[in-house]
Amino acid sequence: MKQHIYNILSKINGLLLGAFCVTLVMGFTSCGDFFDESSQDEIKPSTVEDLSAVLYADAYPYNVSVDDYLILLTDEVQCNGLKYDGYATRMQVGQQVFCYNPEMFDGIESFIADENSWKEYYELIKGCNVILDYADDMTGDEQKKQYMKGQARFLRAYYYLRLAMIYCQPFNNGSPDTNLGVPLITSSHVTDQYPTRSTLRQAYDFIESELMKAAEELDGYMPTTKYRVTKTAADVLLSRLYLYEEKWENCVDYATKAISEGPELTDFDYLKSKYRSVYDCDYSTEVVWNYAGRACYSAYFDLNQLYNYMLPWSASSKVVALYDQTNDLRSQYLYVQKSASTGDYITKASRSSTYDGDHGIRMSEAYLNRAEANARLSIAGKSDISKGLEDINTLRETRYKNGTYTPAAFTDASQLLDFVLEERQRELIWEDGFRWMDIKRLGFSVTHTYIDANGLQTDYVLKSKDLLYALPIPNDALLKNKNLVQNPR
């Protein structure tokens with residue numbers, strides 16, 4: 001049986017990867033059609049357990065490159081120039097993104113696998129569609145079937161939100177009814193239609209609907225590992241969606257659900273005593289879901305090849321200066337790794353751990369989302385300022401050396417909001433594109449100073465509400481789909 005399932009997964013993987021060349025042309029060629037074929041030496045999945053293997057292999061994002069290039073778009077990274085010839089490739093692959101080149105994904109020399117988020121996420125969406133198309137046909141426990149569908153539905157919504165975050169304007173920039181969204185592919189079945197882009201509102205409405213259903217289907221699901229998604233993950237992600245849509249009351253409601261049902265925040269004093277980090281699933285209580293690699297080992301930083309020379313890219317000195325350098329443990333070992341010779345970098349997965357990544361969902365986000373939403377409601381006279389203050393102080397106290405934290409105190413809601421937004425940067429630095437989305441939805445401008453191999457400095461500016469808030473779709477996707485509209489640039 002194991003060999004039969006292995007053969008099936010291998011064939012499905014081949015179909016998923018090989019079909020991408022025609023995916024956008026043919027409207028996502030079905031990898032699920034294999035289930036309807038007969039074979040003399042293989043059996044098709046027929047049980048929940050069989051299909052669960054497909055879920056873990058082809059719908060969860062554990063064997064893909066992650067979009068760490070988003071860090072290079074933000075004010076959380078700086079260029080130090082080329083101090084060592086061995087870093088030349090690392091500097092080259094990040095240059096076009098850091099310098100806001102509108103042709104950054106047109107297949108020029110800097111284009112690497114990590115930067116093709118379009119391809120990565122749509123391949124994973126295909127895996128989710130297979131699960132949702134075939135789950136009801138499987139034999140086995142109905143509860144397990146429901147949990148499997150809930151996981152696939154959550155993951156599909158998560159990938160679409162990632163695609164919208166990268167390739168679409170923020171919800172509040174212009175009209176979501178006319179701004180371009182992304183193609184919403186919801187079936188693995190064959191079609192000869194070229195997919196077109198939805199509106200941004202249609203994309204967000206679909207994500208909301210999927211997460212609502214996922215939360216229902218995952219109710220009661222209690223996996224023994226943090227590498228599976230749960231109802232709490234769905235509630236946190238809904239609070240994120242509503243934050244991006246500026247639906248403050250809804251954001252508060254779902255962040256509250258997550259906080260009431262989810263795990264506790266991690267005591268950073270404890271983590272430091274164990275030489276562990278915030279995404280270490282064995283020691284950090286606040287991890288809701290963990291997946292993928294580590295930003296500090298990406299093509300742009302790659303600390304596996306760290307020498308005694310300044311790195312081309314490192315954490316921005318301005319952002320590092322935002323931390324209390326004496327008592328905030330995030331500035332000492334946890335998060336910020338400091339070196340006078342190589343520059344500062346950020347890591348949120350323990351270097352001693354071989355399996356934890358630094359991507360996923362943590363409870364700290366729920367506190368930050370609720371604090372910001374309540375601060376904005378307080379400005380509008382719809383919430384008491386104490387609610388936002390309580391959340392931000394609860395979070396910050398866990399990040400400080402025990403007994404050293406002095407609670408923040410504000411009587412002006414606008415000042416509280418500014419503090420909360422600053423705390424988002426301290427807490428979520430270099431993590432899962434949070435800062436890139438915050439720059440977009442807050443309408444910030446960013447100036448990057450690029451230092452070339454000869455030491456020549458040139459400034460590149462991302463203007464407020466820039467066209468590049470919606471990053472260009474990779475050229476290879478456009479070549480395969482005549483109906484796919486490129487973002488203005």
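Values in this document were obtained by computation on a predicted structure and should not be read as measured data.
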For [X] and [Y], work out which heavy atoms get closest and say how close.
X      : Y      : answer
Cys168 : Leu200 : CB-CD1, 3.7 Å
Thr398 : Leu395 : OG1-O, 2.6 Å
Arg399 : Ser364 : NH2-CB, 3.8 Å
Ala408 : Phe410 : CB-CE1, 3.9 Å
Gly357 : Ala349 : O-CB, 3.7 Å
Leu70  : Arg162 : CD1-NH2, 4.2 Å

For Lys348, enumerate each residue passing the salt bridge (Lys or Arg N to Asp or Glu O under 4.0 Å) test, keeping only those at least two apart in sequence or located in another chain.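 In terms of salt bridge (Lys or Arg N to Asp or Glu O under 4.0 Å), with neighbours along the sequence ignored, Lys348 is linked to Glu431.
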My understanding is that only residues two or more places apart in sequence, or in another chain, count here; which of them pass side chain to side chain donor-acceptor pair (under 3.5 Å) with Asn250?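 Listed in chain order: nothing, the list is empty.
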Donor-acceptor contact below 3.5 Å, side chain [X] vs main chain [Y]:
X      : Y      : result
Lys387 : Asn374 : no
Glu286 : Arg362 : no
Asp328 : Tyr323 : no
Tyr300 : Val93  : no
Asp438 : Gln425 : no
Gln169 : Lys465 : no
Gln95  : Met91  : no
Asn80  : Leu311 : yes
Asp269 : Asn402 : yes
Gln78  : Ser317 : yes

Heavy-atom distance under 4.5 Å between the side chains of [X] and [Y], does that happen here?
X      : Y      : value
Leu322 : Lys318 : no
Tyr460 : Thr449 : no
Tyr309 : Ser341 : no
Thr266 : Thr285 : yes
His448 : Cys99  : no
Val461 : Val446 : no
Phe206 : Gln202 : no
Val278 : Tyr335 : yes

Tell me, with the steps shown, if Ser52 and Val48 meet side-chain contact (heavy atoms from CB on, under 4.5 Å). CA-CA 6 Å; Ser52 292; Val48 171; 3.9 Å; yes
Going from [atom1] on [X] to [atom2] on [Y], what distance comes out if it is rounded to the nearest 0.5 angstrom?
X      : Y      : atom1 : atom2 : result
Arg424 : Leu243 : CZ    : CG    : 5.5 Å
Tyr134 : Leu51  : OH    : CG    : 10.0 Å
Leu241 : Glu210 : CG    : CD    : 12.0 Å
Leu155 : Trp289 : CG    : CH2   : 5.5 Å
Leu416 : Asp391 : CG    : CG    : 10.0 Å
Thr232 : Met222 : OG1   : CE    : 9.5 Å

Should Lys401 and Leu329 be marked as a side-chain contact (heavy atoms from CB on, under 4.5 Å) after you check the CA-CA gap, both sets of side-chain angles, and the distance that decides it? CA-CA 6 Å; Lys401 294 178 183 176; Leu329 293 171; 3.7 Å; yes
Distance to the ring centre below 6.0 angstrom and angle to the axis at most 45 degrees; does that hold for [X] and [Y]?
X      : Y      : result
Arg240 : Phe171 : no
Lys144 : Tyr147 : no
Arg228 : Tyr60  : yes

Any salt bridge between [X] and [Y], counting N to O under 4.0 Å?
X      : Y      : value
Lys145 : Glu142 : yes
Lys126 : Glu123 : no
Arg441 : Glu246 : no

Using the rule given for side-chain contact (heavy atoms from CB on, under 4.5 Å), can you reason through Trp118 versus Phe105, listing the C-alpha separation, both sets of side-chain angles and the distance that settles it, and then say yes or no? CA-CA 11 Å; Trp118 189 275; Phe105 301 145; over 6 Å; no
Using distance alone, with no hydrogens and no angle criterion, decide if Glu208 and Tyr242 have a side-chain donor and acceptor under 3.5 Å apart.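 Indeed, the side chains of Glu208 and Tyr242 share at least one donor-acceptor pair under 3.5 Å.
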Distance alone, cut at 3.5 Å: any donor-acceptor contact between the side chains of Asn369 and Tyr254?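 Their side chains do not contain a donor-acceptor pair, so the 3.5 Å distance test is not met.
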Is the number of heavy atoms from other residues, nucleotides or ligands within 6.0 Å of [atom1] ([X]) greater than 12?
X      : atom1 : result
Lys338 : NZ    : yes
Tyr275 : OH    : no
Glu390 : CD    : no

Test side-chain hydrogen bond (donor to acceptor under 3.5 Å, both in side chains) applied to Tyr121 and Tyr167, step by step: CA-CA 12 Å; Tyr121 288 129; Tyr167 299 109; over 6 Å; no
Start with the C-alpha distance between Glu423 and Tyr367, add both sets of side-chain angles, then the distance that settles side-chain contact (heavy atoms from CB on, under 4.5 Å), and finish with yes or no. CA-CA 11 Å; Glu423 188 63 23; Tyr367 283 87; over 6 Å; no
Got a sec, which residues hit side chain to side chain contact (heavy atoms under 4.5 Å, CB included) with Asp282, two or more places apart in sequence or on another chain?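 Partners of Asp282 by the side chain to side chain contact (heavy atoms under 4.5 Å, CB included) criterion, ordered by chain and then number, come out as Asp280, Tyr355.
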